[in-house]
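Predicted, not measured: the structure shown is a model, and the values here were computed from it.
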Amino acid sequence: MELSFAQQSAAFLWSVALGASLAVLYGIFKFIRFSFSPGKAAVFLLDVLFMLSAAVSCFLFSLGFIQGYVRFYVFIGAAIGFAAYRMTVGRLTFILYSRFVLVCRKILNKILRKLKLFAKKLLKICHKILYNVGNRKVTVQHFDDKGNEYGIEKEKARHQEGAGNRRDRRGTR
């Protein structure tokens, strides 16, 4: 069955709309790339996802509008719609969301700077707490036979006193 000129013209105009909708999808992918600045592998993956979605949408478009025939004018119409959107509305949306992203990045950087300062102060406090524990006089607790508590420093002092008393007991020279 052959397509009439009216059906082909309608399919061409709808393919221009398809191209514009693909440009919107591309704008979303571009926004993701601009916002998060991913690495080369992620950009490659996003490009492959866009190409696959564009190919599938063109195929489904051909199935729905021109009875499954893949016509060259469908791709030309999609390219015209894509280019028209990107040259007009696409530029405006890029300007708007690029400014939005830059403002959000500035705000995020200020918040991160304050969090970094807070974390530094918190780490300094933790560092002082952790390393002052070793400077304490009594670090390990011991109990004598009667259940009295004494520390290592007290034990050393007690031994030194005992040694001094022993010298005294021996007599002075």
Exercise for the section: Output the distance between atom CD (Glu2) and atom CD (Gln7), rounded to the nearest 0.5 Å. Expected result: 9.5 Å
Exercise for the section: Mark yes when over 12 heavy atoms from residues, nucleotides or ligands other than Phe34 sit less than 6.0 Å from its CZ; otherwise mark no. Expected result: yes
Problem - Sub-4.5 Å side-chain heavy-atom contact between Ile80 and Ile76 - result: yes
Exercise for the section: Run the numbers on Val74 and Trp14 for side-chain contact (heavy atoms from CB on, under 4.5 Å), then give the verdict. Expected result: CA-CA 9 Å; Val74 171; Trp14 280 109; over 6 Å; no
Problem - Hphob cluster co-occupancy, Leu49 + Phe36, side-chain heavy atoms under 4.5 angstrom - result: yes
Problem - Face-on cation placement of Arg71 at Tyr73 ring, 6.0 Å and 45° thresholds - result: no
Problem - Side-chain touch Val24/Phe82, heavy atoms, less than 4.5 angstrom - result: no
Exercise for the section: State the CG-CG distance between Leu122 and Leu117, to the nearest 0.5 angstrom. Expected result: 12.5 Å
Practice task
Tell me, please, which residues at least two apart from Phe31 pass ring-ring contact (aromatic ring centres under 6.0 Å, His included).
Solution key: Tyr97
Completion exercise
In terms of heavy-atom contacts, Gly77 and Ser15 come closest through CA-OG, 3.4 Å
Exercise for the section: Determine, step by step, whether Phe12 and Ile66 satisfy the side-chain contact (heavy atoms from CB on, under 4.5 Å) criterion, reporting the C-alpha distance in whole Å, the side-chain angles of both residues, the deciding distance to 0.1 Å, and the verdict. Expected result: CA-CA 10 Å; Phe12 176 76; Ile66 49 178; over 6 Å; no
Practice task
Write out all pairs satisfying side-chain hydrogen bond (donor to acceptor under 3.5 Å, both in side chains) with one or both partners inside residues 99-112, taking only residues at least two apart or from two chains.
Solution key: none
Practice task
Taking the side chain as every heavy atom from C-beta outward, state whether Leu63 and Tyr69 have any atom pair closer than 4.5 Å.
Solution key: no
Exercise for the section: Check whether any side-chain heavy atom of Gln67 lies under 4.5 Å from a side-chain heavy atom of Leu3, and answer yes or no. Expected result: yes
Practice task
Please answer: with hydrophobic residues joined when any side-chain heavy atoms are less than 4.5 Å apart, are Phe44 and Met51 in the same cluster?
Solution key: yes
Practice task
Grab the two heavy atoms, one from Leu22 and one from Phe50, that are nearest each other, plus how far apart they are.
Solution key: O-CE1, 3.4 Å
Exercise for the section: Could you list the residues that satisfy ring-ring contact (aromatic ring centres under 6.0 Å, His included) with Phe61, not counting sequence neighbours? Expected result: Phe65
Exercise for the section: Tell me whether Leu13 is reachable from Leu18 by hopping between hydrophobic residues (I, L, V, M, F, W, Y) whose side-chain heavy atoms are closer than 4.5 Å. Expected result: yes
Exercise for the section: Is it possible for you to say whether Val103 and Phe100 belong to one hydrophobic cluster, with membership spreading through side-chain heavy-atom contacts below 4.5 Å? Expected result: no
Practice task
Kindly state each residue pair satisfying side-chain hydrogen bond (donor to acceptor under 3.5 Å, both in side chains) with at least one member in residues 21-34, sequence neighbours excluded.
Solution key: Tyr26-Arg33, Arg33-Asp47
Problem - Residues that Ile111 engages under side chain to side chain contact (heavy atoms under 4.5 Å, CB included), provided they are two or more places apart - result: Ile107, Leu115
Exercise for the section: Consider only side-chain heavy atoms of I, L, V, M, F, W and Y, link residues closer than 4.5 Å, and tell whether Val16 and Phe72 are in one cluster. Expected result: yes
Completion exercise
Hits for ring-ring contact (aromatic ring centres under 6.0 Å, His included) against Phe29, two or more places apart or cross-chain, chain-then-number order -> none
